[in-house]
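Below: one structure, written as structure tokens.
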Amino acid sequence: MQASADEAERRVVVELQFFIGDHQQVAEFTLADRTNLTYEVLIGRNILRDVMLIDVGKEYATELPESIRNSNGNES
């Protein structure tokens with residue numbers, strides 16, 4: 001339930017694998033239509049608590065792993 005919601009909203013929960021830089025993790029996510037919002041997905045700080053330090057003042061502070069950079073269809 002979102003804090004600003006007037007009534008409870010039921011959402012589907014899925015378990016997904018995600019990557020941040022070289023770090024890979026599996027976590028549960030709730031599905032919601034974020035079409036008109038700034039970010040397509042939100043990763044809560046509790047998911048990353050024991051894994052990494054978050055600097056909210058930075059965007060794209062880590063590079064994509066080479067395996068992902070090389071899998072964009074440019075197989076040479």
Side-chain angles (χ1 to χ4, degrees):
M1 182 168 104
Q2 289 182 321
S4 61
D6 292 333
E7 58 187 60
E9 176 184 348
R10 294 180 59 95
R11 293 187 185 165
V12 175
V13 177
V14 295
E15 187 173 76
L16 298 173
Q17 179 180 30
F18 68 96
F19 292 83
I20 297 178
D22 290 329
H23 175 73
Q24 172 224 333
Q25 189 169 335
V26 174
E28 290 183 346
F29 292 84
T30 57
L31 300 182
D33 182 3
R34 301 189 57 81
T35 305
N36 297 319
L37 300 174
T38 304
Y39 300 102
E40 295 177 9
V41 66
L42 298 178
I43 300 175
R45 67 179 139 206
N46 291 339
I47 292 174
L48 303 174
R49 177 183 301 146
D50 298 325
V51 178
M52 61 184 62
L53 176 67
I54 306 300
D55 184 343
V56 296
K58 291 186 177 181
E59 285 188 53
Y60 307 108
T62 186
E63 292 188 19
L64 288 173
E66 187 175 340
S67 61
I68 294 175
R69 289 193 309 259
N70 292 335
S71 67
N72 64 4
N74 294 339
E75 309 261 340
S76 301

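Of all the heavy atoms in His23 and Val51, the pair that sits closest is CE1-CG1, 3.0 Å.
Linking ILVMFWY side-chain heavy atoms closer than 4.5 Å, directly or via other members, places Val26 and Phe29 in two distinct hydrophobic clusters. One hydrophobic cluster, built from ILVMFWY side chains closer than 4.5 Å, cannot hold both Leu16 and Val13; they sit in different ones.
To the nearest 0.5 angstrom, Arg11 atom CZ is 10.0 Å from Asp33 atom CG.
When the side-chain hydrogen bond (donor to acceptor under 3.5 Å, both in side chains) test is applied to Thr38, no partner is found at least two apart in sequence or on another chain. For Asn46, the side-chain hydrogen bond (donor to acceptor under 3.5 Å, both in side chains) partners are Arg49, not counting sequence neighbours.
More than 12 heavy atoms of other residues, nucleotides or ligands shown are found within 6.0 angstrom of CD on Gln17.
Side-chain atoms of Arg34 and Val41, non-hydrogen and from C-beta on, never get closer than 4.5 Å to each other. Side-chain contact between Ile20 and Ile43: present, with at least one pair of heavy atoms (C-beta onward) separated by less than 4.5 Å.
Residue Leu42 shares its hydrophobic cluster (ILVMFWY side chains chained together at separations under 4.5 Å) with Tyr39.
Between the side chain of Gln25 and the backbone N or O of Ile47, at least one donor-acceptor pair lies under 3.5 Å.
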